[in-house]
There are 2 protein chains.
Amino acid sequence: MTEKHPIPGDPEHIVKSSADLADGDQMQDQLTDDHLQRAAFLAKSLSDGNRLRILLLVGDGRKSVSAIVEKLELSQPLVSHHLRELKRSLLVKVEREGPFIYYELADARILGVVRTLSKVATDLLSVRTTF
Amino acid sequence: MTEKHPIPGDPEHIVKSSADLADGDQMQDQLTDDHLQRAAFLAKSLSDGNRLRILLLVGDGRKSVSAIVEKLELSQPLVSHHLRELKRSLLVKVEREGPFIYYELADARILGVVRTLSKVATDLLSVRTTF
DNA sequence: AGTAGATATAAACATTCATTTATATGTTGA
DNA sequence: TCAACATATAAATGAATGTTTATATCTACT
């Protein structure tokens, strides 16, 4: 076997790096490393099944902690812990009302993201299973 | 202060649980716990900034490991490790060609997810900063 | 066969994270 | 003030994760 294997090229046209854009510049679809870092941070919040269940729930309308606990059958401290994480990533808004504290989804686009991820995951698995 | 605080209701119409659907049933937008679990698994793969950088890169066309290493300025074992994780979650496809191994994005919808996450993160931060 | 290059794997480490158990804080009504 | 309820916090623990350093595997050319 005496084949030639040329070194893969370097077409330098993927994503503009932060340094290429002056401060305040606006691009429709720039994805600097900072943007990716923030996206990764949000993704980390979405990387737990229980948190996704909570997000879906509060995405349908604000819910008290106890309502979430009962609906999802999780322990109260566990739900509180996850809500804290979701608040830290700004994915939920909080509202106190008497003794109850209501949590609500902060941005509806997250539901679309979850649905897309679910579909993609299903498709990837079906392809893999079919081959 | 002598207000009344009614117990929050339980409107039972959020998401159908897996048990509510016979096996093989098809719904346009069902999100069972299994689906959420798989979505969470994908999200975990997206939860690292370096992995997102790799995904964006191979989303533009297949790339060899060394090309990724040079472009992103990461160590070779680190890139290999992340590629392994991305392969495990089926987000990339692999192709050997001589001594080179090429990785390619398996599903373009992931790019949309990343872009949406980036936008949402930016918006959430701006809202929080503005208030 | 041997050498060089491309990529993967292993070991080690510090950090983060999900969960449980136990306790504290805060609010309301008696 | 006290009791009951809603929620948060703390401590503890085991498991997973990102990164580095070192080494192994695989392929191609001489």
Side-chain angles (χ1 to χ4, degrees), chain A residues 1-10 33 36-37 40-55 58 62-89 92 94-104, chain B residues 1-10 33 36-37 40-55 58 62-89 92 94-104:
Chain A
M1 294 158 188
T2 322
E3 302 177 30
K4 291 294 177 187
H5 287 289
I7 304 177
D10 189 4
D33 284 358
L36 291 185
Q37 204 57 42
F41 188 73
L42 276 198
K44 184 169 292 176
S45 264
L46 303 180
S47 71
D48 180 86
N50 283 330
R51 274 199 296 271
L52 290 190
R53 297 208 293 152
I54 293 175
L55 282 176
V58 303
R62 62 176 216 176
K63 300 279 181 299
S64 69
V65 177
S66 46
I68 299 172
V69 166
E70 292 172 18
K71 189 81 171 181
L72 302 187
E73 298 184 325
L74 299 174
S75 77
Q76 180 266 316
L78 184 55
V79 169
S80 262
H81 171 254
H82 283 312
L83 286 171
R84 191 170 181 249
E85 179 65 27
L86 291 172
K87 193 177 71 180
R88 199 168 67 100
S89 59
V92 297
V94 195
E95 244 176 50
R96 173 149 228 154
E97 198 153 313
F100 299 104
I101 301 186
Y102 292 94
Y103 287 84
E104 186 181 5
Chain B
M1 294 157 188
T2 322
E3 303 178 29
K4 291 294 177 187
H5 286 288
I7 304 178
D10 189 5
D33 284 359
L36 291 185
Q37 204 57 42
F41 189 72
L42 276 198
K44 184 168 292 174
S45 263
L46 304 180
S47 70
D48 179 87
N50 283 332
R51 273 199 298 271
L52 290 189
R53 297 209 292 152
I54 293 174
L55 282 176
V58 303
R62 65 176 213 175
K63 299 279 180 297
S64 69
V65 177
S66 46
I68 298 172
V69 166
E70 292 172 18
K71 188 82 171 181
L72 302 187
E73 299 184 325
L74 300 174
S75 77
Q76 180 267 315
L78 183 55
V79 169
S80 262
H81 172 254
H82 283 311
L83 286 172
R84 191 170 180 249
E85 178 66 28
L86 291 172
K87 192 177 71 180
R88 199 169 67 100
S89 59
V92 296
V94 196
E95 243 176 50
R96 173 149 229 152
E97 198 153 312
F100 299 105
I101 301 186
Y102 292 93
Y103 287 84
E104 186 181 5

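Below, chains carry the letters A, B, ... as their sequence lines are ordered, and counting in each starts from 1. These values consider heavy atoms only, across backbone and side chains, with no hydrogens, waters or symmetry-generated copies.
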Rounded to whole Å, please give me the gap between CZ in B/Phe41 and P in D/dA16. 12 Å
Among C/dT7, D/dT20, D/dG18, which nucleotide has an atom closest to any side-chain atom of B/Asp48? D/dG18
What is the distance from CD of A/Glu97 to P of C/dG26, rounded to the nearest Å? 20 Å
Would you kindly give the CG-to-C1' distance between A/Leu83 and D/dA8, to the nearest whole Å? 11 Å
Taking the side chain of A/Ser80 as its heavy atoms from C-beta onward, which of D/dA8, C/dC17, C/dA6 lies nearest to it? D/dA8
Identify the heavy atoms of A/Leu52 and B/Leu36 that sit nearest to each other, and give their distance. CD1-O, 3.3 Å
Counting side-chain heavy atoms from C-beta on, which of C/dT20, C/dT19, C/dA8 comes nearest to B/Pro77? C/dA8
Rounded to the nearest 0.5 Å, how far apart are OG of A/Ser47 and CG of B/Asp48? 11.5 Å
How many whole angstroms separate atom CG of A/Asn50 from atom C1' of C/dC17? 13 Å
Has A/Arg84 got a side-chain N or O lying under 4.0 Å from the OP1 or OP2 atom of D/dT9? yes
A/Arg96 or A/Leu78: which one's nearest nucleotide on DNA chain C is closer to the 5' end? A/Leu78
Nearest-Å distance for atom pair CZ/P, residues A/Arg88 and C/dT16: 10 Å
Rounded to whole Å, how long is the line connecting atom CD of B/Glu73 with atom P of D/dT19? 15 Å
Please check the phosphate of C/dA8 (OP1 and OP2 only) for any side-chain N or O of B/Tyr103 closer than 4.0 Å. yes
To the nearest 0.5 Å, atom CZ of A/Arg53 lies from atom CG of B/Asp33 at 4.5 Å
What nucleotide among D/dT7, D/dT20, C/dT7 has an atom nearest to a side-chain atom of B/Ser75? D/dT20
Below 4.0 Å: OP1/OP2 of C/dA10 and any side-chain N or O of B/His81: no
Go through it in stages, so that I can follow the logic: the residues are A/Arg51 and A/Glu85, the test is salt bridge (charged side-chain N to carboxylate O under 4.0 Å, His left out), and I'd like the CA-CA distance, side-chain angles, deciding distance and then a yes or no. CA-CA 9 Å; A/Arg51 274 199 296 271; A/Glu85 179 65 27; 5.3 Å; no
Of the candidate nucleotides C/dT7, C/dT27, D/dA8, which contains the atom at the shortest distance from the side chain of A/Val65? D/dA8
If you look at every heavy atom in A/Ala43 and B/Leu46, which pair is closest and at what distance? CB-O, 3.4 Å
Report the distance from atom CZ of A/Arg51 to atom P of C/dA18, rounded to the nearest whole Å. 4 Å
Within this structure, what is the CG-to-C1' distance between B/Leu74 and D/dG18, rounded to whole angstrom? 11 Å
State which of C/dC17, D/dA8, C/dT7 makes the closest approach to the side chain of B/Phe100. C/dT7
Minimum-distance pair of heavy atoms, taken over all atoms of A/Val94 and A/Tyr103: CG2-CE2, 3.6 Å
Mind checking if B/Lys44 touches a base, just sugar-phosphate, or nothing, with heavy atoms under 4.0 Å? sugar-phosphate
If you compare every side-chain N and O of B/Ser66 against the phosphate oxygens of C/dG5 (OP1, OP2), does one of them come in below 4.0 Å? no
Answer with yes or no whether A/Gln76 presents, from its side chain, a donor or acceptor under 3.5 Å of a partner atom in the base of D/dA6. no
